[in-house]
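Quick notes on the structure that follows.
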Amino acid sequence: MEDFIAVSPNSKEILNSAKLLQSVNIHALIFGEIGVGKKTLAKYIVPEARLFTPHELQRDITDGVLSLNKESIVIDKIEHITNVDLLLSWIEENEIRVIATTEALSLNNKLNDIFSITLSIPPLSQREDDLKLLTQKFSNEASQVLRSEKIVPSKLMLNTSKNAHSLRKSIYFSYLFETIGEDEILMFLENYMLTNLEGDNSYKDFLYLFEVPLLKASKKKYKSQVQMAKHLGLNRITLRKKLDIHKELLL
(Lines give C-alpha, C1' and ligand atoms only; values in the text may rest on other atoms or scores of the structure.)
Protein backbone atom coordinates (compact mmCIF):
# COMPACT_ATOMS: atom_id res chain seq x y z
CA MET A 1 0.00 0.00 0.00
CA GLU A 2 1.29 3.44 -0.97
CA ASP A 3 1.89 5.72 2.00
CA PHE A 4 0.32 9.15 2.31
CA ILE A 5 3.21 11.62 2.51
CA ALA A 6 2.79 13.74 5.64
CA VAL A 7 5.79 15.85 6.62
CA SER A 8 4.31 19.34 6.36
CA PRO A 9 2.36 20.53 9.43
CA ASN A 10 -1.02 20.63 7.66
CA SER A 11 -0.47 17.13 6.22
CA LYS A 12 0.39 15.78 9.69
CA GLU A 13 -2.92 17.10 11.01
CA ILE A 14 -4.78 15.37 8.18
CA LEU A 15 -2.94 12.10 8.81
CA ASN A 16 -3.75 12.26 12.53
CA SER A 17 -7.44 12.66 11.68
CA ALA A 18 -7.17 9.73 9.27
CA LYS A 19 -5.68 7.57 12.04
CA LEU A 20 -8.68 8.34 14.25
CA LEU A 21 -11.03 7.41 11.41
CA GLN A 22 -9.45 3.96 11.23
CA SER A 23 -11.19 3.03 14.48
CA VAL A 24 -14.47 4.92 14.06
CA ASN A 25 -17.21 3.51 11.84
CA ILE A 26 -18.43 6.71 10.18
CA HIS A 27 -18.63 7.98 6.61
CA ALA A 28 -15.86 10.40 5.62
CA LEU A 29 -15.29 12.63 2.61
CA ILE A 30 -11.81 13.56 1.35
CA PHE A 31 -11.67 16.77 -0.66
CA GLY A 32 -8.81 18.17 -2.75
CA GLU A 33 -7.44 18.96 -6.18
CA ILE A 34 -6.38 16.20 -8.56
CA GLY A 35 -3.11 14.55 -7.61
CA VAL A 36 -2.91 15.58 -3.93
CA GLY A 37 -3.25 12.07 -2.48
CA LYS A 38 -6.98 11.61 -1.90
CA LYS A 39 -7.17 7.94 -2.89
CA THR A 40 -3.96 7.20 -1.02
CA LEU A 41 -5.39 8.71 2.15
CA ALA A 42 -8.68 6.85 1.69
CA LYS A 43 -6.85 3.53 1.42
CA TYR A 44 -4.83 4.46 4.50
CA ILE A 45 -8.08 4.77 6.46
CA VAL A 46 -9.58 1.51 5.13
CA PRO A 47 -6.68 -0.54 3.71
CA GLU A 48 -8.76 -3.62 2.80
CA ALA A 49 -11.67 -1.71 1.26
CA ARG A 50 -12.59 -2.16 -2.38
CA LEU A 51 -12.31 0.97 -4.53
CA PHE A 52 -15.15 1.88 -6.90
CA THR A 53 -15.76 4.51 -9.53
CA PRO A 54 -19.32 5.94 -9.45
CA HIS A 55 -20.20 4.34 -12.81
CA GLU A 56 -18.89 0.93 -11.74
CA LEU A 57 -20.67 1.03 -8.37
CA GLN A 58 -24.03 2.12 -9.78
CA ARG A 59 -23.84 -0.60 -12.45
CA ASP A 60 -23.03 -3.32 -9.92
CA ILE A 61 -25.80 -2.19 -7.54
CA THR A 62 -28.33 -2.16 -10.38
CA ASP A 63 -27.20 -5.59 -11.60
CA GLY A 64 -27.34 -6.96 -8.04
CA VAL A 65 -23.87 -8.50 -8.26
CA LEU A 66 -22.47 -7.05 -5.02
CA SER A 67 -22.43 -9.22 -1.90
CA LEU A 68 -21.03 -6.62 0.48
CA ASN A 69 -22.53 -6.32 3.95
CA LYS A 70 -21.27 -4.33 6.92
CA GLU A 71 -18.08 -3.54 5.00
CA SER A 72 -16.16 -0.42 4.00
CA ILE A 73 -15.74 0.83 0.45
CA VAL A 74 -13.90 3.72 -1.22
CA ILE A 75 -15.75 5.72 -3.88
CA ASP A 76 -13.45 7.80 -6.07
CA LYS A 77 -14.86 11.08 -7.42
CA ILE A 78 -18.23 10.60 -5.76
CA GLU A 79 -19.46 13.85 -7.33
CA HIS A 80 -20.09 11.82 -10.51
CA ILE A 81 -22.80 9.69 -8.87
CA THR A 82 -25.95 10.17 -10.97
CA ASN A 83 -28.46 8.09 -8.97
CA VAL A 84 -28.03 9.30 -5.41
CA ASP A 85 -31.17 7.60 -4.08
CA LEU A 86 -30.05 4.22 -5.43
CA LEU A 87 -26.66 4.58 -3.73
CA LEU A 88 -28.05 5.77 -0.39
CA SER A 89 -30.62 2.97 -0.24
CA TRP A 90 -27.95 0.37 -0.94
CA ILE A 91 -25.63 1.84 1.72
CA GLU A 92 -28.40 1.80 4.33
CA GLU A 93 -29.72 -1.67 3.50
CA ASN A 94 -26.25 -3.25 3.60
CA GLU A 95 -24.78 -1.12 6.42
CA ILE A 96 -21.91 -0.01 4.19
CA ARG A 97 -19.30 2.45 5.40
CA VAL A 98 -18.17 4.92 2.73
CA ILE A 99 -14.87 6.75 2.44
CA ALA A 100 -15.20 8.96 -0.64
CA THR A 101 -13.01 11.36 -2.57
CA THR A 102 -14.12 14.46 -4.42
CA GLU A 103 -12.75 17.43 -6.33
CA ALA A 104 -16.10 19.23 -6.19
CA LEU A 105 -16.61 22.21 -3.91
CA SER A 106 -20.18 21.09 -3.23
CA LEU A 107 -22.13 17.84 -3.54
CA ASN A 108 -25.78 16.89 -3.85
CA ASN A 109 -27.34 17.79 -0.47
CA LYS A 110 -28.63 14.25 0.16
CA LEU A 111 -25.20 12.85 -0.55
CA ASN A 112 -23.36 15.45 1.46
CA ASP A 113 -25.54 14.78 4.53
CA ILE A 114 -24.23 11.25 5.05
CA PHE A 115 -20.67 12.37 5.73
CA SER A 116 -19.79 13.04 9.36
CA ILE A 117 -16.39 14.52 8.57
CA THR A 118 -14.57 16.08 5.63
CA LEU A 119 -10.79 16.05 5.30
CA SER A 120 -9.45 18.76 2.98
CA ILE A 121 -6.02 18.08 1.49
CA PRO A 122 -4.23 21.28 0.40
CA PRO A 123 -2.37 21.45 -2.94
CA LEU A 124 1.33 20.59 -3.12
CA SER A 125 2.15 24.28 -3.41
CA GLN A 126 1.16 24.60 0.24
CA ARG A 127 3.08 21.48 1.35
CA GLU A 128 6.73 22.28 0.72
CA ASP A 129 8.16 19.53 2.94
CA ASP A 130 5.85 16.94 1.38
CA LEU A 131 6.95 18.09 -2.05
CA LYS A 132 10.60 17.42 -1.21
CA LEU A 133 9.83 13.92 0.02
CA LEU A 134 7.64 13.16 -3.00
CA THR A 135 10.44 14.31 -5.29
CA GLN A 136 12.84 11.94 -3.57
CA LYS A 137 10.33 9.10 -3.70
CA PHE A 138 9.57 9.52 -7.41
CA SER A 139 13.26 9.90 -8.21
CA ASN A 140 14.02 6.57 -6.50
CA GLU A 141 11.09 4.99 -8.33
CA ALA A 142 12.20 6.29 -11.74
CA SER A 143 15.76 5.12 -11.12
CA GLN A 144 14.57 1.59 -10.36
CA VAL A 145 11.96 1.35 -13.13
CA LEU A 146 14.28 2.74 -15.83
CA ARG A 147 17.35 1.01 -14.38
CA SER A 148 19.28 4.23 -14.33
CA GLU A 149 21.74 5.85 -11.98
CA LYS A 150 20.21 8.33 -9.55
CA ILE A 151 20.13 11.91 -10.85
CA VAL A 152 21.28 14.64 -8.50
CA PRO A 153 18.30 16.82 -7.45
CA SER A 154 19.73 19.93 -9.14
CA LYS A 155 19.47 18.22 -12.56
CA LEU A 156 15.81 17.20 -12.19
CA MET A 157 13.42 19.20 -14.39
CA LEU A 158 10.56 19.45 -11.92
CA ASN A 159 7.02 20.43 -12.79
CA THR A 160 5.63 21.41 -9.38
CA SER A 161 2.95 23.76 -10.69
CA LYS A 162 0.14 21.23 -10.75
CA ASN A 163 0.12 18.06 -8.68
CA ALA A 164 1.85 14.80 -7.85
CA HIS A 165 0.98 13.36 -11.26
CA SER A 166 2.76 16.14 -13.15
CA LEU A 167 5.64 15.99 -10.67
CA ARG A 168 6.12 12.25 -11.23
CA LYS A 169 5.87 12.68 -14.99
CA SER A 170 8.50 15.45 -15.00
CA ILE A 171 10.89 13.32 -12.93
CA TYR A 172 10.54 10.35 -15.27
CA PHE A 173 11.14 12.71 -18.18
CA SER A 174 14.30 13.95 -16.44
CA TYR A 175 15.63 10.41 -16.30
CA LEU A 176 14.72 9.74 -19.92
CA PHE A 177 16.32 13.02 -20.94
CA GLU A 178 19.65 11.77 -19.61
CA THR A 179 19.65 9.07 -22.28
CA ILE A 180 18.51 11.05 -25.32
CA GLY A 181 20.48 13.21 -27.73
CA GLU A 182 19.88 15.64 -30.53
CA ASP A 183 18.42 13.02 -32.89
CA GLU A 184 15.77 11.98 -30.36
CA ILE A 185 14.85 15.60 -29.58
CA LEU A 186 14.36 16.31 -33.28
CA MET A 187 12.29 13.12 -33.61
CA PHE A 188 10.03 14.15 -30.71
CA LEU A 189 9.49 17.57 -32.27
CA GLU A 190 8.80 16.06 -35.69
CA ASN A 191 6.20 13.65 -34.29
CA TYR A 192 4.53 16.40 -32.28
CA MET A 193 4.36 18.71 -35.29
CA LEU A 194 3.14 15.94 -37.58
CA THR A 195 0.28 15.21 -35.19
CA ASN A 196 -0.69 18.85 -34.81
CA LEU A 197 0.15 20.24 -38.26
CA GLU A 198 -2.85 22.09 -39.67
CA GLY A 199 -3.95 25.48 -40.94
CA ASP A 200 -2.18 27.91 -43.25
CA ASN A 201 0.32 29.46 -40.85
CA SER A 202 2.05 26.47 -39.28
CA TYR A 203 5.58 27.89 -39.43
CA LYS A 204 4.59 30.85 -37.28
CA ASP A 205 2.36 28.68 -35.05
CA PHE A 206 5.22 26.32 -34.17
CA LEU A 207 7.98 28.92 -33.90
CA TYR A 208 7.45 29.17 -30.11
CA LEU A 209 8.71 25.58 -29.71
CA PHE A 210 12.14 26.83 -30.71
CA GLU A 211 12.08 30.35 -29.31
CA VAL A 212 10.63 29.77 -25.83
CA PRO A 213 13.17 27.13 -24.69
CA LEU A 214 16.02 29.19 -26.17
CA LEU A 215 14.87 32.37 -24.42
CA LYS A 216 14.37 30.54 -21.12
CA ALA A 217 17.80 28.93 -21.31
CA SER A 218 19.56 32.16 -22.22
CA LYS A 219 17.75 34.02 -19.45
CA LYS A 220 18.94 31.47 -16.90
CA LYS A 221 22.48 31.51 -18.23
CA TYR A 222 23.07 35.17 -19.02
CA LYS A 223 20.60 36.87 -16.59
CA SER A 224 20.43 40.34 -18.20
CA GLN A 225 18.79 41.26 -21.51
CA VAL A 226 22.02 42.96 -22.61
CA GLN A 227 23.95 39.71 -22.33
CA MET A 228 21.07 37.68 -23.79
CA ALA A 229 20.95 39.88 -26.89
CA LYS A 230 24.72 39.73 -27.29
CA HIS A 231 24.97 35.93 -27.12
CA LEU A 232 21.81 35.26 -29.12
CA GLY A 233 22.93 37.59 -31.89
CA LEU A 234 19.82 39.75 -31.63
CA ASN A 235 19.44 43.47 -31.15
CA ARG A 236 17.77 44.45 -27.88
CA ILE A 237 14.59 45.73 -29.56
CA THR A 238 14.04 42.38 -31.30
CA LEU A 239 14.79 40.52 -28.07
CA ARG A 240 12.29 42.61 -26.10
CA LYS A 241 9.63 41.98 -28.76
CA LYS A 242 10.17 38.21 -28.55
CA LEU A 243 10.11 38.30 -24.73
CA ASP A 244 6.83 40.19 -24.87
CA ILE A 245 5.29 37.85 -27.44
CA HIS A 246 6.08 34.79 -25.30
CA LYS A 247 5.70 36.42 -21.87
CA GLU A 248 3.00 34.01 -20.68
CA LEU A 249 5.15 30.99 -21.55
CA LEU A 250 8.26 32.52 -19.97
CA LEU A 251 6.82 32.86 -16.47
Open item on the list: Strictly distance-based, threshold 3.5 Å: is any side-chain N or O of N235 a donor or acceptor partner for the main-chain N or O of I237?
Closed with: yes

- [ ] Could you tell me whether the side chains of E128 and S8 share a donor-acceptor contact shorter than 3.5 Å?
- [x] no

TODO: Show your working on side chain to side chain donor-acceptor pair (under 3.5 Å) between T53 and D76 and close with a plain yes or no.
DONE: CA-CA 5 Å; T53 65; D76 184 37; over 6 Å; no

Open item on the list: Using modelled atom types and a 3.5 Å cut-off, is there a donor and acceptor pairing between side-chain atoms of S139 and backbone atoms of T135?
Closed with: no

- [ ] Decide yes or no for L66 and F52: does some side-chain heavy atom of the first lie under 4.5 Å from some side-chain heavy atom of the second?
- [x] yes

Open item on the list: Under a 3.5 Å distance rule, please check whether N112 uses its side chain to pair with a backbone N or O of N108 as donor and acceptor.
Closed with: no

- [ ] Could you pull out the closest heavy-atom pair between E56 and R50, with the gap in Å?
- [x] OE2-NH2, 3.6 Å

TODO: Kindly indicate whether the side chain of Y175, heavy atoms from C-beta on, has any atom under 4.5 Å from the side chain of V145.
DONE: no

Task: Any donor-acceptor N/O pair, S11 side chain to V7 backbone, under 3.5 Å - done: no

Task: E211 side chain near I245 side chain, heavy-atom distance below 4.5 Å - done: no

TODO: Would you check, one step at a time, whether the test salt bridge (Lys or Arg N to Asp or Glu O under 4.0 Å) holds for E178 with K155?
DONE: CA-CA 10 Å; E178 290 293 300; K155 294 187 69 176; 3.5 Å; yes

Task: Side-chain (E92) to main-chain (S89) donor-acceptor, under 3.5 angstrom - done: no

Task: Note, H55 side chain near H80 side chain (heavy atom, < 4.5 Å) - done: no

Task: Any donor-acceptor pair under 3.5 Å from S202 side chain to L197 backbone - done: no

Open item on the list: Between L215 and F210, is there a side-chain heavy-atom distance shorter than 4.5 Å?
Closed with: no

